[in-house]
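Right, one structure below, let's go through it.
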Amino acid sequence: MLELNKSGTDDRPGPGRLPAQDPGPDAAPATRPAGDAPSAAEAAGRVPLRPYLIAGAILCALYFLFGYFQYSRFGSPSWDLGIFEQEVRAYAGFDAPIVDIKGPGYLILGDHFSPIVALLAPLYWLWPSAEALLFAQAALFALGAVIVGRTTQQLLGGRSGLCVTVAYGLSWGIQEAVKADFHEIAFAVPLLALVCRALLLERYTAALLWSLPLVLVKEDLGATVAVVGFLLFVYGRRLQGALLAAFGVAAFVVTLMVLIPAASSAGTYDYWQKIDKNGEQDVSMLDSVLGVLNSSVKIEMLVFLLGITAFMALRSPLTLLIVPTLGWRQLSQDSNHWGMVWHYSAILMPVLFLALADGVRRSRDSHRPWLASYAKVAVPVATAIAVAMTQHLPLRDLLRPETYRTDDARSQAARAALDAIPTGARVETDITLMAHLTSDRTVYWVGGAPGTAPDIVAINLDFGWSRPIQDPVAYAQQLHPEARYRLKHRGGSFVVMERTTPEPAEIPGARDD
């Protein structure tokens, strides 16, 4: 299990293991006693970067290809891509991050605290489309693979680095995140990889510095930063560790208790309800804690999290870094947080695969023969698991010809509906067309913008409504009794209706240009 009091090295490191003390860049190879292993800095210099950049470029292409064709076939699984494009579009225009999809005039920092998303503004200047976000996420995930793979090579030698690059790149946590479109956690993936790399190479100041931006990725990651501080403390950097742990806890508390409520129109953090409410029923914290393993879905997710590392990650203290994220997910009453789908496990992948590398390193010279023998095959086993699981995961679709067909009847009908919606219009719509409209229209979620009388109401009748929509025009006027609408376009399951009455003098949430 986890060994917090061991660095995984002896006084005289064996082949492929890091020395307990890094002699620094001034130590010349000629003065190193014969038989000593190279320092971490020297090992880093000798591991070529090019193979990992090539592997990263291939993974980036695969991720983006999947996301691009899913987007082109109007297959976005949620409203999140549209939400993030509205946010990035606002930052690119030097505006407050207003996301009208969440509600007219909704300040997104009152929902999740992710100001790091503003870094995508320069890319959006060059490529004002949701596709830019999909590419950015693909690149960030692939960058994580480069860091994880090359670090593993430095620690273990041989072909272990490229094997772990493949295992990480095909891991279910990353693949499901790619399928879920863009999310802010894409930034946390390479950052956590860099944090773990620095801890394993005993570059503790770098670990501290790389962990600081995590608090700008999402509100819960302050707790993860606090665990980084705890690890630094255990590794002997007690002042740095204590200060970082205190910073992480403070960032976590201030973000949830002060910053998000200040930006929220409700004056509170809405997602507390994910823990203390199950539908309309109140749930006590004790019941939430007692119920952390009350579902086979939760247990399955935990088994597959550790199983993808051939369970060798349990040998590394780095595994503690996954506890905060797993904690809130297991406490949540929302079943979407429990399983293996969506994007929630992506940030755990770099931690677990570098914990795998650390676990192998710690186990190679174990006094337990079975463990030392297992350490020799753990990396190939983890790679085989990732490859085998891919046949049931999203990227398998890249082997299917229908993935690349964007001229089917449904896609053509969707594009015809888009053509019927004027640029600059205020549009109320469902998930199907949403992310295709956010670059140059004001977009609302259908039913989420009362009193706005949008210029256009565009819906996909096959979206999966609780009750079938028999009369789309009547439905639009039911949503907006202050206005009247007429049918402008209908093709396939897509219906576009335009307002025939004057625009309201005052539109809720509207901003002066």
Side-chain angles (χ1 to χ4, degrees), residues 1-9 18 144 147-148 151-152 155 164 168 171 173 185 188-204 206-212 214-215 217-252 289 292-293 298 301-331 344-363 378 382:
M1 292 295 290
L2 302 179
E3 300 181 40
L4 293 176
N5 61 337
K6 296 182 181 180
S7 66
T9 59
L18 292 176
I147 298 166
V148 168
T151 304
T152 300
L155 295 176
V164 170
Y168 162 92
S171 62
I185 53 88
V189 169
L191 284 173
L192 282 167
L194 288 165
V195 169
C196 293
R197 170 186 169 83
L199 289 173
L200 293 178
L201 298 183
E202 300 179 7
R203 299 169 181 173
Y204 298 127
L208 183 152
L209 294 175
W210 283 121
S211 67
L212 295 180
L214 288 170
V215 302
V217 176
K218 202 172 181 183
E219 61 274 5
D220 62 296
L221 288 176
T224 302
V225 172
V227 177
V228 177
F230 171 75
L231 291 177
L232 287 176
F233 187 91
V234 170
Y235 289 155
R237 296 301 179 100
R238 300 201 168 185
L239 178 59
Q240 284 182 326
L243 290 175
L244 185 61
F247 169 78
V249 171
F252 179 76
V289 172
V292 293
L293 293 177
K298 295 180 180 181
M301 184 264 291
L302 291 175
V303 170
F304 275 92
L305 268 179
L306 298 172
I308 56 174
T309 68
F311 296 98
M312 190 57 76
L314 289 171
R315 292 281 295 163
S316 172
L318 289 183
T319 306
L320 292 174
L321 291 171
I322 74 175
V323 172
T325 297
L326 283 183
W328 71 257
R329 289 176 63 186
Q330 299 292 80
L331 290 173
Y344 302 109
S345 296
I347 65 172
L348 308 180
M349 297 298 108
V351 175
L352 287 169
F353 279 99
L354 283 175
L356 159 66
D358 187 34
V360 170
R361 180 179 65 165
R362 290 168 177 270
S363 303

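Remember, it's a predicted structure, so these values are computed and weren't measured experimentally. Throughout, residue positions are numbered sequentially from 1 according to the sequence presented.
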Would you say the side chain of [Y] lies within less than 4.5 Å of the side chain of [X], judging by non-hydrogen atoms?
X	Y	value
Leu356	Ile308	no
Val148	Met349	no
Ile347	Leu221	yes
Asp358	Pro317	yes
Cys196	Leu321	yes
Val360	Leu155	no
Leu208	Val228	no

Taking only residues two or more places apart in sequence, or in another chain, which ones meet [X] in a side chain to side chain donor-acceptor pair (under 3.5 Å)?
X	result
Thr325	none
Thr151	Arg197
Lys298	Asn294

Which residues pass the side chain to side chain contact (heavy atoms under 4.5 Å, CB included) test with [X], not counting sequence neighbours?
X	answer
Val225	Ser211, Leu214, Val215, Leu244, Phe247
Ala223	Phe252, Pro324
Ala246	none
Leu293	Ile299, Leu302, Gln330

Hey, what do you get for [atom1] ([X]) to [atom2] ([Y]), rounding to the nearest 0.5 Å?
X	Y	atom1	atom2	answer
Leu348	Phe353	CG	CZ	11.0 Å
Trp328	Glu219	CH2	CD	8.5 Å
Leu352	Leu306	CG	CG	6.5 Å
Leu191	Leu212	CG	CG	10.0 Å
Leu199	Leu354	CG	CG	10.0 Å

Between [X] and [Y], which heavy-atom pair has the shortest distance, and what is it?
X	Y	result
Arg329	Ser345	NH1-OG, 2.9 Å
Ala193	Pro350	CB-CB, 3.8 Å
Ser171	Tyr168	OG-O, 2.7 Å

N/O donor-acceptor pair under 3.5 Å between Thr319 side chain and Ala313 backbone: yes
Phe233: partners by ring pair (Phe, Tyr, Trp, His ring centres under 6.0 Å), with sequence neighbours left out: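 Once residues adjacent in sequence are excluded, Phe233 has no partner under the ring pair (Phe, Tyr, Trp, His ring centres under 6.0 Å) criterion.
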Residue pair Ser316 / Arg361, side-chain donor-acceptor N/O under 3.5 Å: no
